[in-house]
Every structure is written in C-alpha cells, then in structure tokens.
Amino acid sequence: MTRTDHAARIESLLGAMTLDEKIGQLNMLTADLAVTGPGMPADYMAELKKGRLGSMLNLFGAPLMRQVQKAAVEETRLGIPLFFGFDVVHGHRTVFPIPLAEAGAFDPALWEKTARIAAVEAAADGLTLTFAPMLDVSRDPRWGRISESAGEDPWLTARLAEAKVRGFQGADLAAADAVAATAKHFAGYGAVMAGREYAQVDVSERTFHEVYLPPFRAAVGAGTAAIMPAFNDLAGIPLTAHRGLLRDLLRQRWGFEGVLISDYNAIAELIAHGVAADLVEAAALALKAGVDIDMMATAYTCGLPAALERGLVAMADIDACVRRVLALKAALGLFDDPYRMKAPAMTPERMAEHRAVAREAARRSIVLLQNRNDRLPVAAPPPRVAVLGPLADVADEMLGPWSGAGRGEEMVSYAAGLRAAWPASRIDVAKGVEAEGGDAGGIAPALDLARAADLVVLCLGELRFMSGEAGSRAKPGLPGLQPELARAVLDLGKPAVVLLSSGRPLMAPWLFERAEAVLACWYLGSEAGHAVADVVTGRWNPSARLAVTWPVDAGQIPIFYARLPTGRPLDPAFRYSSKYLDMPNEPLFPFGHGLSYTRFAYSNLRVSPATLRAGGALAIEVDVANAGAMAGEETVLLFVRDPVASVSRPVLELKGVAKAFLRPGETRTVRLSLACDALAVLDGALAPRLEPGTIEIFVGPAARADALLEAAVAIAA
Ligand code: BGC
C-alpha cells in the first residue's frame, strides 16, 4: 500500500469514529500487573471490545497476542488492530550486555546487530514496538538508570541512537521482523538532581542543547517511529506537558512526525508535579503539548471528554494525535497483516546464532580496568580455582536490570563459564557473604577455599536491581560485607582476579589498591560466563573502554571528561585554585580507559588541510602499532578543543572513533574524518555558528591528556 492509500484509509476511519473510539486509540494499557509504576488494573479486554484501547504494553508471546489482536480486529466496531510495546532494552529472549557496557565497545556495527536480533526475537513474540533506545546522557553514577544509558558522552550516545534505531526498525517497518523504536526519555532525565530517581532537572539551556538533545536529534534523523517524553520536569515544566520542546522543537523544528508516547502514568503525575489540578487538566496539558498516547494513566479516557467540554482542547487536537497513531499502525503494516503471520520462527539454530552474537557482544563489553603484574590472562588452566563472592554462580543476576523476556536459567554464570573453559580444573564455589546484609559467617569457609586454590576469582558487585529504574544509590560502593570479604581474600596474597558486576561505576578505590586485576563485567547477559572465561583465559584480548568516567568517590559527582576549563586550574601549591582539600580532582579511570593484553603505540599524527572551510572535512591520520605480544583491537578516539571561542568550550570533546585490529609487531595507519560543520559552536540564540580560529585535534586511546597526540587546524574566516 502506498502512503496515499494509507492516508485515505486513515481519513475514512477518522470520519467514522466516535469520540470514545478516537480517545481509545490514544489509550495504552498493560495486561499485566504493573511492573514499572503504580498499578492501575483495568479490565483491558472489556475496554478493548468497547474500542477504548489502542495499544498495549508488557504483554508478549505470539499466541496470546494473536488472541488479543483477534478481539481488536473482529470484535470492535471498526476493527482497528492494536500495536504491542515492550521494554526490549538490551535484548529480548537472548540477553545482550546492558547498554552502558555495550556502549564501551564503541562499535556501531555491533550495536546495530544486537538491536536487529532483539527486534527479530521480539517480533516473533508478537511485539511491534520497543521502548528503546534509551538515550539519556548521564554523568551521575548515583542514578540507577545510567545502566540503561550509553554513558556520559553526547556524540557517542548519538551514534548509538542511530545504530539502535536502524537495528530495531530494519529497512522497512512493515517487515514482519521489524519493531518500531521509541527514543526515550526526551530529555534531560539523566541530569536528575543529586542522582535521585524521578527528581527535578535544572540544567542550562546551552548544556541541554549541547549534551542532552543531540542523541534525540540523531534518533529523529535515523527515523525513529516514536519518542517518549521523560518523567522529569525541566526548570519547572514537566516534559510530558512541555509544549516548547515537544511541539515547537521536536515537531516543528526537527520535523518529527512519529508518535509521542507518555511514560508510565506520567500524564496523571502532572497533578503531583503541581501543574494540573485534576486529570482533566493533566490530559489537556499533555494533549496540547502533542503527547499522542497515554501510557497507563487513563487520563485521556477519563479526562479528555471533559477537557473538550471545558474548551481546554479542541477536536482537531485529538484528531491530530489519532492520525499519528493510525499512521504508525499503517507503517507497521498492521492493517494488512495484523497478526504479523510472517514473523520468522525462532528455531534452535537461529537462537544458537543469536547466542553466538551475545557472546561476542559480551566479551567486547568487558573492560580490563587494571592488570598489575600482567596477572591476566591466565593461559594455562590452574589445577584448583576458588570462585568466590555473592555473584560467583548466580545465573539470573547476569540478566541485568531490564531483562526483557530473558530467562534467568538460560544465563551462563561466571562459575559455569569458567568450568566450561577449564574442564579439568577443580572449581570450588562459595558466596562468602550475601551481596547485602551483615552475616559474616561465610567468610572463613570462603577463605579456606581461597587458601587451597591456585587462582581466586572474586565475584563482587551489585545485584541487578541495585541499578536500573528506581535504583539510585547515594553511595555507589560495594554493598554489605563485600569489602570485608574482599579484603580478607586479597590479603592472603594468592593470585586473584576480581570480576566486578554493576550497572554503574562502583566507587571502591581501596579495591584497586589491593587487587592486581579487575574486570568491569557490568551485566553481560546470556553469555556472561563464557565471555568472562574468554577474557580470563586470553582467548579474547579485551578491547572495551569506559563510556563513563569512573570516579574515586561519590563526592566528585558529577564528573566527566568534557568539562569547561576554570579560570583557576588546579595548582596543588596554590590554595585558591580549583580543587578539593580532601580528594583528588581526577577520577580513578577516565572516559575511554580500558586496558588490553597487548600495548598499542601511537605516532605521527597528520591532519589536512591546514585550513578548513564550512562544508569541508578534515582528514586525520595516525600510525598505531601493536608493540606487545598478542593480537588485539585498538579503539582510536578523536577529540577536539576550541581554545578561544565566543563561549568557553570543553577541554576535550569526542568527535570520532576508529578501530584497528593489529597483530603483534604490526603498524597501521588509522584514518578518521571530521566535518568542519561538526566544529560549530552554539551562539547566543543557540544556533550553530562556525567561528574562525584554531581548533586543537587530539587522537589517542582515552580522555587523558598524557595519552593523546596533538595537532591543530585553522577554521577560515
Ligand atoms: C520507564 C520507561 C518504560 C516504561 C514501560 C517506565 O517506568 O520509565 O522507560 O519504558 O516504564 O515499562
């Protein structure tokens, strides 16, 4: 069907609809008990048959969904199909690493591949839309949802946005294996004050435009079908009712034509925000801002008829939303194939292929944070291994905070992965302590195992629900008695490797003083244990990098590499310089940090031309050598700095990434390109403007001044 045919069908449906049926299309309910918000059980089948339901969430499984769809198609007056949304955040049945971990692969091809697989599995399960990708830049590890994000950098998050939208939606939304993407949470949610979930947001307009908006702009450019406004307010205006951002910026300036889906119960929460007196006002505010779909608040069904009577909204406002919802259904091909009968079956062979990608994604997401004395890799199987700690052998913890349709029993625990890698070794497992709580009784027996072992693998960290939504922590360190266990084990002086699981950087500087080798394992998903074993044994040379700065202490938060220079830079000898009296300024590990089992050396940075003009591009070349003994992949980061501009610019800004796979002794020239327009600065009216002058170019492995090569280019007047 063509776009024109769709438009004609939509107009004729709209003409035939009662007010109730129109509002019904804007109503999204869950079939289940609420999982992510206050429960508002509704008899969805009764609502559906009355034509008062347009879409559903948190329901999956093709047979069940076909049954519900049948009721929509055959038992409602107009037979309009539903669409089904679900949080497919980092995989569906096959679970991939959490986004913060996968971002560390710095690899759009991988990001797209895992989203494609997630879409195929979700579509096979009857789903037509995912509430992903999550694009909230976050610079605050206290906020639990940093785990769902791509970390602190707007450029990196924007590239992830494009890759994920492409992967979820494929080439054609109407294909039976495509799902509509929902870029969320628009916008600024990552800046909740003091990292506390659902708290207020108050960032400058410049920071909002430079840091928080670019990933959404990229998602719109990539054709995201939907966007979800965030729960939070921005300087007093809740995003769910933010006309300036939803209508004027998103729709008018950016040309976004897709649907806006409220967050869970967010329209009703406008009352708690203190901007609406009742559901009627709340519904009117959201509708007027252009929110098309009300997720779970029943504000539209309960409030819009009265809002219409009171003159708070017009029928044309409602019609505009209904048109967009029907257009999405048409684009998804639901009018032609409501049951998506052509969705591919998930055969065992296919699922095995997906798991192979899960293993690849997982090992590409493990960051080797520290490796003193080349403790890793452990190439020869140790005769006896003690796998200790609360996360040693708990498969379902590998799921991470948003598990989709993943099943705990299908995940591979760390101990299981090590057993598979070293079948002839004796592998003893003990928790020692629970992840939380104060029972030290298990420490002594764990120490006995450690004493008898040739290698200790210490599995520490957070349980999966200690991050994610509503997982804010004011002190994001190692919880419970884990520090006691870790100190006791590491003090034995045995060869030891620490596997750290978390949804955020964990602040435990003492751990890095005592442990020789530490791997950031985040939550790696289905193949966690195998991927960790690949890295521990050296079958995979770790290549992932931190997509977020790793602080020494929560007192440094917010801490990120792209800070503005201060007028009084740190001078340890001068009291009146920018510093703490009780803590270093620098983080424990900078953005981009991540070691390898080999060593890469950078040389000979060249940039051309020497002068750039608008519309032009800079060619950047650098020689990268593998100066160690093992083959490996290096991630080359390109940063810029504008040293003199009309406004103070960040000390470093990421603008490009390239990869080089190098054998020992091999040297390669790595090429990057930088569009001149990417160097524009937002002027006083927040419009991009190229300013003539020098731009400094930095290339290297991480946002660490001493690791970067430097060159310069001029921007012509
Ligand atoms: C979250 C969203 C999610 C929605 C539906 C909300 O609580 O903020 O990210 O998509 O629930 O599960």
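Note that ligands are numbered from 1 as they come in the structure, with each ligand's atoms numbered from 1 the same way.
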Contact check, E148 vs ligand 1, heavy-atom distance below 4.0 Å: no
Side-chain donor-acceptor contact under 3.5 Å, E102 with H90: no
Stacked cation flag R139 on F560, 6.0 angstrom / 45 deg: yes
Close approach of F231 to ligand 1, heavy atoms, under 4.0 angstrom: yes
Proximity of T182 to ligand 1 by residue part, where a heavy atom lies under 4.0 Å: neither
Within-shell test, M134 vs ligand 1, heavy atom, strictly < 4.0 Å: no
Contact check: H185 vs ligand 1, nitrogen or oxygen atoms, below 3.5 angstrom: yes
Side chain, backbone, both or neither: M28 near ligand 1, heavy atoms under 4.0 Å: neither
Atoms of ligand 1 close to D263 [distance to a heavy atom under 4.0 angstrom, numbered from 1]: 1 (C), 2 (C), 3 (C), 4 (C), 6 (C), 7 (O), 8 (O), 11 (O)
Close N or O approach (Y264, ligand 1; < 3.5 Å): no
Pair W143 + Y189: ring centers closer than 6.0 Å: yes
Geometric cation-pi criterion, R251 with W254: 6.0 Å, 45°: no
Polar atom proximity, K184 to ligand 1 (N or O, under 3.5 Å): yes
Any side-chain heavy-atom pair of S526 and F96 under 4.5 Å: no
Backbone of V322 reached by a side-chain donor or acceptor of Q25 within 3.5 Å: no
